[in-house]
Amino acid sequence: MRLYEYESKRILQSVGVPLPRGRLVASPEEARQAAQEIGSPVVLKVQILATGRGKAGGVRFADTPEQAEQVARQMLGTQIKGYTVRQLLVEEKLPIAQELYVAATYEERTKGRLMMASDAGGVDVNEVAEKDPGRIKRVHMGAWIGMQPFQAKELAFGLGLSGKVNSAAQSLFLKLWDAFVSFDATLAEINPAVVTADGRVVAADAHVEIEDDALFRQRERLGKLGIFDRDDNTKPPTPFEQEALAIDKADYRGVAGRVVEFPGNLGLLIGAGGGSLTLFDAVLRNGGKPANYCEVGGNPPVSKIYRLTKLILQKPGVKGLAVMTNVFSNSRVDFLARGVIKAMLDLGIDPSTYPITFRSAGAFEEDAYAILRKYGVRYLGREVTFEDAARAAVRMVEGLTDSQDRQDP
Ligand code: GDP
Ligand code: MN
């Protein structure tokens, strides 16, 4: 779950990272009051789930409370990077001596955790990584021991910091690491960490992302900080999705679920080794309109396939079915064929005339093909690419079935 800047800062605050004084506001009047309380020039920042707000006009300054009100009025309600601005963070404007970049995250290459820091903060760190990779310092952390003081020291000296600023940076690194680990974050980034004229190191911006699979144990603690699951993460399942979930849950064997409802006309049963997302993309790329997304994998029994297929075929607006998978090594293709055919027969659908694109291969494929042949369902073999299979499925529901697209059994 990606957090807003103000939420990220609540997390940092809870572990003692120094922050600018500030307040979250939703109206120009509140912005004026906030600036009044702060009693100095302020920065007003749009709270949207995107970075690069500065360049997009989402970070502005005001010298007086009246000006803050005016600027807030101009910012609230506008669209920035595709988001409507509903809230602003009004903070004291820091006197910047230097901007640092700091982030705790995971690294794919080493499959480990690390802290990165750079003295080239404030800008897009990817640019720094490309143009001047030597300016990004990295410290890799072990899996079992937290960040050690010597590692913080290594980073701070690596950035060329000295004296009071160096100590302040070390302290910030250790606290950031604490937040990263204890909140199950996948990313905890401060960009910029501002070195102030009087030698403090303050988190002027923050960006934290929490591992979704850890939310079950973080929810309570996050809730105490006023951080709640996003609507887009907690969108209640539709009745169609609920039924699919129930089918998947009713039997522990294999996956035949993870269903998402869409308004289109092409029912989908897709999967195997990343095949589901790839095939879904291929369908979209070819102008298809999926009625659903539904993964199959891990050798689900015939009964699950049967119930899901039935659910999909009965969905209003569904005009055809695409059963498409990668080459299965661990799932029986004949189970897939059996379940699909049984669902059709049950619904009184003639499999030989119903628009169906079947492209699956792997374990027990010969048995599967024999069943399909028996019921007059033509199928595509493993030599047909995802792209071609998806195109065939899309044309099929558009009523443009081309005999070339189908293999003669
Ligand atoms: P982002 O563009 O979404 O990453 O938003 P940031 O919060 O990082 O702000 C972008 C830039 O605005 C920073 O890199 C700073 O240069 C500037 N900025 C943000 N807050 C302050 C502040 O308190 N004082 C000053 N002088 N500049 C700031
Ligand atoms: Mn930033």
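Counting begins at 1 with the first residue of the sequence. Side chains are part of it too, since the values below use all heavy atoms of this structure and drop only hydrogens, waters and symmetry mates. When a ligand or atom number is given, it counts from 1 through the structure's own listing order.
- Counting heavy atoms from C-beta outward, Ile48 and Arg53 have side chains that approach closer than 4.5 Å.
- By the 3.5 Å distance cut-off applied to N or O atoms, Glu5 is not counted among the residues near ligand 1.
- In this structure, Arg359 does not pair ionically with Glu383, as no charged nitrogen and carboxylate oxygen lie closer than 4.0 Å.
- Looking at residues two or more places apart in sequence or on another chain, you find no salt bridge (Lys or Arg N to Asp or Glu O under 4.0 Å) involving Asp367.
- Salt bridge Asp119/Arg135: present, at least one basic N to carboxylate O contact under 4.0 Å.
- Side-chain atoms of Asp178 do not come within 3.5 Å of backbone N or O of Leu174 as any donor-acceptor pair.
- Shortest contact from atom 13 (C) of ligand 1 to any protein heavy atom: Glu99 OE2, 3.5 Å.
- Distances from ligand 1 to the non-hydrogen atoms of Gly52 include at least one value under 4.0 Å.
- What sits closest to atom 25 (C) of ligand 1 on the protein, heavy atoms only, is Ile96 CD1, 3.3 Å.
- Checked against a 3.5 angstrom limit, the closest N/O atoms of Gly54 and ligand 1 fall inside it.
- Contact annotation: for Glu91 versus ligand 1, there are no heavy atoms closer than 4.0 Å.
- Ligand 1 has no N or O atom lying under 3.5 Å from any N or O atom of Lys55, backbone or side chain.
- Counting protein heavy atoms only, atom 7 (O) of ligand 1 is closest to Lys45 NZ, 2.7 Å.
- Side-chain N or O atoms of Thr186 include none that pairs as donor or acceptor with a backbone N or O of Ile210 at under 3.5 Å.
- No close placement of the Phe180 and Phe173 rings is indicated, their centers lying 6.0 Å or farther apart.
- With waters neither drawn nor counted, the protein N/O/S atoms under 2.8 Å from the Mn ion (ligand 2) amount to 2.
- Some N or O of Leu94 is nearer than 3.5 Å to an N or O of ligand 1, by distance alone.
- Taking any N or O of Val59, backbone or side chain, none lies under 3.5 Å from an N or O belonging to ligand 1.
- Put simply, atom 11 (C) of ligand 1 has no protein non-hydrogen atoms near it, under 4.0 Å away.
- Ligand 1 has no N or O atom lying under 3.5 Å from any N or O atom of Thr51, backbone or side chain.
- Between Phe280 and Phe262, a ring centre-to-centre spacing shorter than 6.0 Å is recorded.
- Lys131 contributes no side-chain N or O that, together with a main-chain N or O of Val128, makes up a donor-acceptor pair within less than 3.5 Å.
- For the pair Asn191 and ligand 1, the shortest N or O to N or O distance falls below 3.5 Å.
- Closest to atom 18 (N) of ligand 1, if we only count protein heavy atoms, is Phe61 CZ, 3.9 Å.
- Side-chain contact between Leu266 and Thr357 is absent, with no heavy-atom pair separated by less than 4.5 Å.
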